[in-house]
Amino acid sequence: MADSSSTYQAGGSGDQPKKSIIPGFGRFKVALSTVLTMEIIMQLAYIFEYPNCLIDGLRKADTTTSCALLMVSGMEERGQIAPHDISQLLDSLKEIGNPGTASTVQELFLKHTDIPIEEEGAHSQGVIRERGHSEAENEATVDRDHDEPSQKTVGAPASSMSTMSPTSSSLMPIAPELMGHLMNSMTPPGVNIAGSNNVVNISCHVQSTGSVQLATSSSQLDPVPSPGPVPTPDHVPPPNQESDVPDTMSTFIQELKETGKALYDKIQPIPYIKDELDSVDKVFIEVGLERRVGKDSWKKLGSYHDIFPKEKGNPRIQIIEGDPGYGKSTLALQMVYDWCNEVSGSPFSGPDILICLNLRQLKGITSIAQAIKQCSLPFDSKLKLLDVEQLISKSNIWVIFDAYDEYPDQHNKVNFVMQMLKGKIGQHVNILLTTRSSCIPPALGARTGRIRLTGFDNAAQERYIRKVVTGDDEEAVQKILEQFNINPILGDICQAPLFSAMYAHLAHEENMPHEIRSVTEFFGHMITCFHNHAQNKLSESGKSIEHLQTHANTHAALDKLAFEALTGKMQQLVWDQTLFIRELGEDFYKLYVDVGILVEDEVYDIALGKVAQLKKVVRFYHKLFCEWYAAYHLIKCVKSFRSWFYNFTKNIDPYDLQFVFRFACGLDQAGGSKVVKLVRKKEDGARFAVLCALELKEGSHDILTTVRGIVSSVIRINSNDSRLLQRSTIQLLELASQHKIPISEVVLFHSFSSVDPDSLPLVLHSGLCLPPLSTLQELVIFTEPGREVTVDEWTGILNYAKRCQLLKKLMFYWCLLPWMDSFPASLDNVEVVWAPWFCEYYSLRSGRWQNEDSGEILTRGAYDDLVTKFRERCSDTPWQERRRAERE
């Protein structure tokens, strides 16, 4: 029995694993096309947000088979199915209410490719597990996988090998230094590891005493007896040596808590406030949290305590995503605080070990043990690397990987973080990974949990002001809150806790403008305040501030450095202090550190075979500041080299650098218009172009030209869009309507909530309102699947449609409309289409619903039958479940 093993080959083919070929995937695609009905295809196309032109092409296919083959091809091109993974397709089939089809597809995939869709913690290739041997001796065997052998040289990176403790069921990589010496010392005489063409099977025996033996055999060599003791370098302890630290676990926990306290005890709400650092619990306010429960469905959580549900079978890996400034790192530090202080009632005080690792510091680190040793333990720690490996292999351990979007090695496919996320190592570790919503790790298992941060609502903004800024000064509280109420755009910008905190502190100290209309204007004013504070401080001491003003306004070198850091192959957001000063100049550097835009840190630089050295590095206070200065360089390049910008945007997703692009649009009107025009041409670029366009100054010819281009395409307002994006979209639509610019089509996808009976706007689930748009030509409403629209809602929508003077088409999907005996005559010129589900369409003709396929008029009796059929088909949707619960 092969058990949980992998095959490695020595020599001949270099260091890279040979790419596996799945010959049965083509047969699977053909089989898949036979089970996709037209209804399923259309549902999937809308869920995957395919463009209208592609959906029309699917509808116009000659036969269902042709349509299915086109759909399969489209899914492969867009990554919804791949030779090794069809989990996205399976999840989507379940979401649209076709679990039976999902099961059939899964069986077809297994039949043709022999690849099972693995459950959480299931057997996976390359994972070494405990095999039931006695505690005296466990054996982890790296052997041949007879189904699909992969190749790897013995001389390949040592981090790919694994070891295990007698009590662990899942293992961490052995220390690279130790594995390197093991491999060199264990090689049989006469075998050239790096260049041999022989296939060598390797078995690694880990004794209960801690000793390690490595044996090799080859089909072309005689068996070689196991070699003698492993020679060990000075800086790596022998594997069989007992630790010289008494009670290593208590020492480990104590040192982790010391380091954790150093992290959470230096919160800096405003960059230039350095003499009043706070503990995280003094400033932490709960942000809005939602758990993903389907492709486009999210469920609100009551607290961060609910991130890891108590029910059995829930994911041990949780991705915590959020837009920039939404408090991901602050939340991570609050979890560390809970563990270090054993906060009662917090689930994060429960694990034996909780570790928070900032991923921007882990460049080149190849194992979790090395990361902990280097970043989470004191410099003078008594624990050795082997101690750490042994302790984490037998503990209830939770690891927080903070800021995946800043991880320099994220594009290295074999980085240890990705290996842990995929369950190839460290299967016993609970993982929380924070990242921007635009930078979710690829190819995660279907059972990985997703949590998103939705920011501060009005109540959270007020709690922060009272707790951190004003205390019991009621007048000061109301003064700050009034600014948010006067300008709802400012209130939406301050939905991001970082912006809300900065604005509240600055507004409390000085008069802040409330006429802010864009994120660029907001952030630019923040930067000006920081520089003014530094200049005032220096002026009070009687020193000249002329050089400060020069450096505040002239920062081209910093702009270029920031841009190259964000757009390079590997994001480099931490710099060696000496090199940084050499690049920018000492005066400039000191000013930006004093202002608080740059922050100095000390890290331990551990080079292989050398003693660890304390090293000074520098970084931006927040990644948003890096993006602010990078935007200056981007706009300079756009204005000078248009062809460069075109080529640049071909190779990136602008949304990964959304604030660089948005700031650039706000910093320069002419250059910003070019940015919006090129962004709009990207696939799915229309929604992002909305955010960029709203950074341009109102009233200019450029913005009206930009708006005209954007609204000529489909405008979507999704339920999971941020309030800022939704408000920006509504602003842009209103601007188009006011200037008589035709609006092609607006799609409300799961975002429609109700209709205001007085002023007739459509109310969204976010609480925002879409007013009647006089130039709107087509309105499409996708309700939540299974929704039953009431008579009042239906009447309100029809009255809204009457106010849209140029409206030509009104469409409803996934809902049950109420029976009406008559319809307003004013809708005679509007094509009204209703699809309770895909492939069954009704058109309103002469005040009656007519089936588009059969041409039959929908009678009251046929409508009653349709209601019964609708409720049966949608019985498992959340909306219908709530309807039944309310009636019981």
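Because only heavy atoms are used, hydrogens play no part in the values below, and waters and symmetry mates are left out as well, while side chains stay in.
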Candidate list F663, Y503, F530, test ring pair (Phe, Tyr, Trp, His ring centres under 6.0 Å), partner F523, passing option: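 Answer to the ring pair (Phe, Tyr, Trp, His ring centres under 6.0 Å) test with F523 among F663, Y503, F530: F663.
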
Are any of the side-chain heavy atoms of [X] and [Y] separated by less than 4.5 Å?
{"X": "I320", "Y": "T435", "result": "no"}
{"X": "V780", "Y": "L748", "result": "no"}
{"X": "I319", "Y": "I451", "result": "no"}
{"X": "Y629", "Y": "H555", "result": "yes"}
{"X": "V711", "Y": "L733", "result": "yes"}
{"X": "I797", "Y": "F752", "result": "yes"}
{"X": "L58", "Y": "M42", "result": "yes"}
{"X": "F484", "Y": "N458", "result": "no"}

How close do [X] and [Y] get, heavy atom to heavy atom, and via which atoms?
{"X": "I317", "Y": "L421", "answer": "CD1-O, 3.2 Å"}
{"X": "A630", "Y": "L566", "answer": "CB-CD1, 3.8 Å"}
{"X": "F620", "Y": "C626", "answer": "CD1-CB, 3.5 Å"}
{"X": "L696", "Y": "C665", "answer": "CD2-O, 3.4 Å"}
{"X": "S713", "Y": "S744", "answer": "O-CB, 4.2 Å"}
{"X": "Q777", "Y": "P742", "answer": "NE2-CB, 3.7 Å"}

Are the side chain of [X] and the backbone N or O of [Y] linked by a donor-acceptor pair below 3.5 Å?
{"X": "Q726", "Y": "N718", "value": "yes"}
{"X": "S751", "Y": "I717", "value": "yes"}
{"X": "Y800", "Y": "P771", "value": "yes"}
{"X": "H525", "Y": "E521", "value": "no"}
{"X": "Q461", "Y": "S500", "value": "no"}
{"X": "Q318", "Y": "T448", "value": "no"}
{"X": "K623", "Y": "P324", "value": "no"}
{"X": "T528", "Y": "G524", "value": "yes"}

With R436 via salt bridge (charged side-chain N to carboxylate O under 4.0 Å, His left out) - residues at least two apart: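 D405, E627.
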
Rounded at 0.5 Å granularity, tell me how far [atom1] in [X] sits from [atom2] in [Y].
{"X": "H750", "Y": "I781", "atom1": "NE2", "atom2": "CD1", "value": "12.5 Å"}
{"X": "N415", "Y": "Q410", "atom1": "CG", "atom2": "CD", "value": "8.5 Å"}
{"X": "L691", "Y": "S728", "atom1": "CG", "atom2": "OG", "value": "5.0 Å"}
{"X": "C815", "Y": "R787", "atom1": "SG", "atom2": "CZ", "value": "8.0 Å"}
{"X": "L762", "Y": "L779", "atom1": "CG", "atom2": "CG", "value": "6.5 Å"}
{"X": "I743", "Y": "I715", "atom1": "CD1", "atom2": "CD1", "value": "8.5 Å"}

Measure the acute angle between the ring planes of [X] and [Y], then classify it against the limits of 30° and 60° as parallel, tilted or perpendicular.
{"X": "F749", "Y": "W814", "answer": "perpendicular"}
{"X": "Y407", "Y": "Y404", "answer": "tilted"}
{"X": "F563", "Y": "H633", "answer": "tilted"}

Evaluation steps, salt bridge (charged side-chain N to carboxylate O under 4.0 Å, His left out), between E778 and K808: CA-CA 6 Å; E778 186 170 335; K808 299 177 181 177; over 6 Å; no

With no hydrogens and no angle check, do the side chains of [X] and [Y] hold a donor and an acceptor under 3.5 Å apart?
{"X": "E695", "Y": "T520", "result": "yes"}
{"X": "S737", "Y": "S774", "result": "yes"}
{"X": "E784", "Y": "H765", "result": "yes"}

Six-ring centre of F659, R662 cation under 6.0 angstrom, axis tolerance 45°: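 Ring-cation test returns yes.
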
Return the set of residues passing side-chain hydrogen bond (donor to acceptor under 3.5 Å, both in side chains) with [X] (not counting sequence neighbours), or none when no residue passes.
{"X": "D323", "answer": "none"}
{"X": "E290", "answer": "R452"}
{"X": "T434", "answer": "D402"}

Centroid-centroid distance, Y592 to H531, less than 6.0 Å: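 Ring-ring flag for Y592/H531: true, centres closer than 6.0 Å.
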
Residues in side-chain contact (heavy atoms from CB on, under 4.5 Å) contact with H622, at least two apart in sequence or another chain: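 With sequence neighbours excluded, H622 shows a side-chain contact (heavy atoms from CB on, under 4.5 Å) to L498, L624, F625, given in chain and number order.
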
Under the side-chain contact (heavy atoms from CB on, under 4.5 Å) test, residues paired with D668 that sit two or more places apart: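 Testing D668 for side-chain contact (heavy atoms from CB on, under 4.5 Å), a comparison that skips the adjacent residues, returns I635, K639, A670.
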
